[in-house]
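Heads up, the thing below is written out as structure tokens.
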Amino acid sequence: MILHELISYDVLRVIWWLLLGILLVGFAVTDGFDLGAMALLRATARTDVERRVVINTVGPVWEGNQVWLILGGGAIFAAWPQLYAVSFSGFYLAMFAILVALILRPVAFKFRSKREEASWRNKWDWVLCISGIVPALIFGVAVGNVLLGVPFRFADDLRIYYDGTFFGLLTPFALLCGLVSLTMLVMHGAAWLVFKAEGDVAARAARFGSIAALLASVLFALAGVWIAMGISGYQITSPVNPVGPSNPLAKTAAVVQGAWMANFKAAPALWLLPVLGAVLPWIAAMGMRARREWLTLLASGLAIACIILTVGAAMFPMILPSSVDPRFSLTVWDSSSSHVTLFIMLVCTIIFLPIILAYTTWVYRVLRGKVDPVAIIKGETHSY
């Protein structure tokens, strides 16, 4: 027996769909507090020392956190090539805006402390703040557009055409999803600052973070009601061949009212995800007020995971619906790489993912503890 046949093609497709979700959650939970903390920089820190404290809570770990973004992009490229082609070309300007923000962030980290003038540092503080807000907002807008359907189509030779525009992405529902993303990451950034900072910075973070947490819960619930009441989902209408070739044109699909709720009706246990996604931010808010640092950070991270997984559970087996023609939509069963490719990638993941988790855990353990403003003032640490 050939080795890759130990795991059937359909099982590998589902495994890689799950792994894609795990990588997205990993990025949102780890790099999410970086973005949220920077979005709160000017609100939680009033003096130069306080801002240096905020920056130094994420300074030693933000680069490692972005490993999850690279892993997610690599997984999409290798496991779901058609998804990669459509999303990275169709959302090109949105992706470009995110990349500009992510590129400016390390530049601001490095250049901010090169001069001591207040005006110089103030400008870079604004760059850091914007570099936290923009990606958080656009990621949510992208998810909103995925739920609505993306205007792409295939030619008979599977050549991809994208018929949308950047400003066409900014629909009311997509902007609502963007606000859900922004508020939940601001909540997570505040939870991180409560965990790593002290004094006035932590107090302000708790105040703003609790407001963001409550907004995230309410906006997430509002988005769910909007989907249930007014947004049609996508559904495969032809027989499904889970081990068939990756050809989106081999199926038929339709836009069906309530399709995004079908999986929850078929498996009621899935309702636990949106319920926790709405409840956990309240727990995080209460944890911030009570200064229960571990509880706050855990509740915040789990809330993000549940919100993201709710979207995945609602859409399965759809990955990227097409608003031009539902039959062009990409699904788990018709847009993956080959059986051999998925198996080889799975073996590599089994080997290297534990290594990544191990060194990440080691880094956070070494860098545990509060950021000390006195040590920063005295120059006793290699700080920003």
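Positions are given from 1 along the sequence.
Residues Leu185 and Val67 are members of one and the same hydrophobic cluster, defined by side-chain heavy-atom contacts under 4.5 angstrom among Ile, Leu, Val, Met, Phe, Trp and Tyr. Under the 4.5 Å side-chain heavy-atom criterion for Ile, Leu, Val, Met, Phe, Trp and Tyr, Leu357 and Ile351 are members of the same hydrophobic cluster. A continuous path of hydrophobic side-chain contacts links Val100 to Val107 [ILVMFWY only; heavy atoms under 4.5 Å]. Connection of Leu302 to Leu270 is not established within any shared hydrophobic cluster, with ILVMFWY side chains joined at heavy-atom distances below 4.5 Å, either directly or through further cluster members. A single hydrophobic cluster is seen to contain both Leu330 and Leu342, as judged by linkage of ILVMFWY side chains at heavy-atom distances under 4.5 Å, directly or through other members.
Heavy atoms from other residues, nucleotides or ligands lying under 6.0 Å from CG of Asp157 number more than 12. Surrounding CZ of Phe195 are more than 12 heavy atoms belonging to other residues, nucleotides or ligands, all under 6.0 Å away. At most 12 heavy atoms of other shown residues, nucleotides or ligands fall within 6.0 angstrom of atom CH2 in Trp126. The number of heavy atoms from other shown groups lying within 6.0 Å of OH (Tyr364) is above 12. Environment of CZ in Arg42: crowded, with over 12 heavy atoms of neighbouring residues, nucleotides or ligands closer than 6.0 Å. Counting non-hydrogen atoms of neighbouring residues, nucleotides and ligands closer than 6.0 angstrom, the CH2 atom of Trp226 exceeds 12 such neighbours.
Taking the six-membered ring where tryptophan is involved, the planes of Trp120 and Phe111 are tilted, since the angle between them lies from 30° to 60°.
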Side chains of residues 69-98: which donor-acceptor partners sit under 3.5 Å, not counting sequence neighbours?
{"from": "Ser87", "atom 1": "OG", "to": "Leu83", "atom 2": "O", "distance (Å)": "2.6"}
{"from": "Ser89", "atom 1": "OG", "to": "Ala85", "atom 2": "O", "distance (Å)": "2.4"}
{"from": "Ser89", "atom 1": "OG", "to": "Val86", "atom 2": "O", "distance (Å)": "3.3"}

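Scanning both residues, Gly140 and Cys177, for their nearest heavy atoms gives O-CB, 3.2 Å. When all heavy atoms of Ala155 and Leu249 are compared, the pair lying nearest together is O-CD1, 3.6 Å. Residue Ser217 comes nearest to Trp282 through the heavy atom pair OG-NE1, 2.7 Å, listed as atom of the first residue, atom of the second, then distance. Heavy-atom minimum distance, Tyr234 versus Pro326: CD2-CB, 4.1 Å. Closest of all the heavy-atom pairs between Ile319 and Val146 is O-CG1, 3.8 Å. Val194 and Ala202 get closest at one heavy-atom pair: CG2-O, 3.8 Å.
Figure legend: Arg153 and Phe328 shown without cation-pi pairing, the cationic atom not lying both under 6.0 angstrom from the six-membered ring centre and within 45 degrees of its axis.
Atom CE of residue Met345 and atom OG1 of residue Thr341 lie 8.0 Å apart, to the nearest 0.5 angstrom. From Leu182, atom CG reaches atom CD1 of Ile138 across 11.0 Å, with rounding to the nearest 0.5 Å. Leu222 CG to Phe173 CZ: the interatomic distance, rounded to the nearest 0.5 Å, is 9.0 Å. Remark: Thr296 OG1 to Ile283 CD1 distance equals 10.5 Å, nearest 0.5 Å. Note: Met288 CE to Ser210 OG = 7.0 Å, rounded to the nearest 0.5 Å. With values rounded to the nearest 0.5 angstrom, Ser336 atom OG is found 12.0 Å from Leu20 atom CG.
Side-chain atoms of Asp10 and Val332, non-hydrogen and from C-beta on, never get closer than 4.5 Å to each other. Residues Pro135 and Leu102 meet the side-chain proximity criterion, which asks for heavy atoms closer than 4.5 Å. In this structure the side chain of Thr57 never reaches within 4.5 angstrom of the side chain of Phe33, judged on heavy atoms. Side-chain contact between Arg105 and Asp34 is present, with at least one heavy-atom pair separated by less than 4.5 Å. Looking at Leu148 and Ile227, their side chains never come closer than 4.5 Å, going by heavy atoms from C-beta outward. Using a 4.5 Å cut-off on side-chain heavy atoms (C-beta onward), Tyr162 and Val150 make contact. Residues Val14 and Trp333 form a side-chain contact, since some pair of their non-hydrogen atoms from C-beta on lies under 4.5 Å apart. Looking at Ile231 and Leu147, their side chains never come closer than 4.5 Å, going by heavy atoms from C-beta outward.
Checking Ser246 against Arg13 by side-chain atom types alone, a donor-acceptor pair falls below 3.5 Å. One side chain, Asp334 or Thr331, offers a donor N or O that lies under 3.5 Å from an acceptor on the other. Inspection of the Arg327 and Thr252 side chains reveals no N or O donor paired with an N or O acceptor under 3.5 Å.
Under 4.0 Å is where a charged nitrogen must lie from a carboxylate oxygen, and between Arg207 and Asp200 no such pair does.
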Arg121 and Glu116: CA distance, side-chain angles, deciding distance, salt bridge (Lys or Arg N to Asp or Glu O under 4.0 Å) verdict
CA-CA 7 Å; Arg121 294 189 172 186; Glu116 296 185 359; 5.2 Å; no
CA sep, side-chain torsions, deciding dist, call: Leu40, Val54, side chain to side chain contact (heavy atoms under 4.5 Å, CB included):
CA-CA 9 Å; Leu40 286 170; Val54 172; over 6 Å; no
Set out, in order, the CA-CA distance, both residues' side-chain angles and the distance that settles side chain to side chain contact (heavy atoms under 4.5 Å, CB included) for Val311 and Met315, then state yes or no.
CA-CA 6 Å; Val311 177; Met315 292 185 60; 4.0 Å; yes
Under the criterion side chain to side chain contact (heavy atoms under 4.5 Å, CB included), I'd like the reasoning laid out for Arg52 against Val49: C-alpha separation, chi angles, the key distance, then a yes or no.
CA-CA 5 Å; Arg52 290 184 67 190; Val49 174; 5.6 Å; no
Can you list the steps and then say if Met318 with Gln235 is a side chain to side chain contact (heavy atoms under 4.5 Å, CB included)?
CA-CA 8 Å; Met318 288 287 173; Gln235 194 173 79; 5.7 Å; no
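When the options Asp163, Val324, Leu320, Asp325 are evaluated for a side-chain contact (heavy atoms from CB on, under 4.5 Å) with Phe152, the one that passes is Leu320. With Trp124 as the fixed residue, the side-chain contact (heavy atoms from CB on, under 4.5 Å) test singles out one of Arg115, Lys114, Arg112: Arg112.
Between the side chain of Asn122 and the main chain of Ala118, no donor-acceptor pair closer than 3.5 Å is present. Between the side chain of Lys196 and the backbone N or O of Gly369, at least one donor-acceptor pair lies under 3.5 Å. No side-chain donor-acceptor contact under 3.5 Å links His339 to the backbone of Leu12. No donor-acceptor distance shorter than 3.5 angstrom exists from the side chain of His188 to the backbone of Ile304, with no hydrogens or angles considered. Judged by distance alone, the side chain of Ser329 and the main-chain N or O of Ser322 form a donor-acceptor pair under 3.5 Å. A side-chain donor-acceptor contact under 3.5 Å links Arg204 to the backbone of Thr44.
Partners of Lys370 according to the side-chain contact (heavy atoms from CB on, under 4.5 Å) rule, which considers only residues two or more places apart in sequence or in another chain, are Glu198, Glu293. Scored by the ring pair (Phe, Tyr, Trp, His ring centres under 6.0 Å) test, Trp62 finds Phe109 as partners (sequence neighbours excluded).
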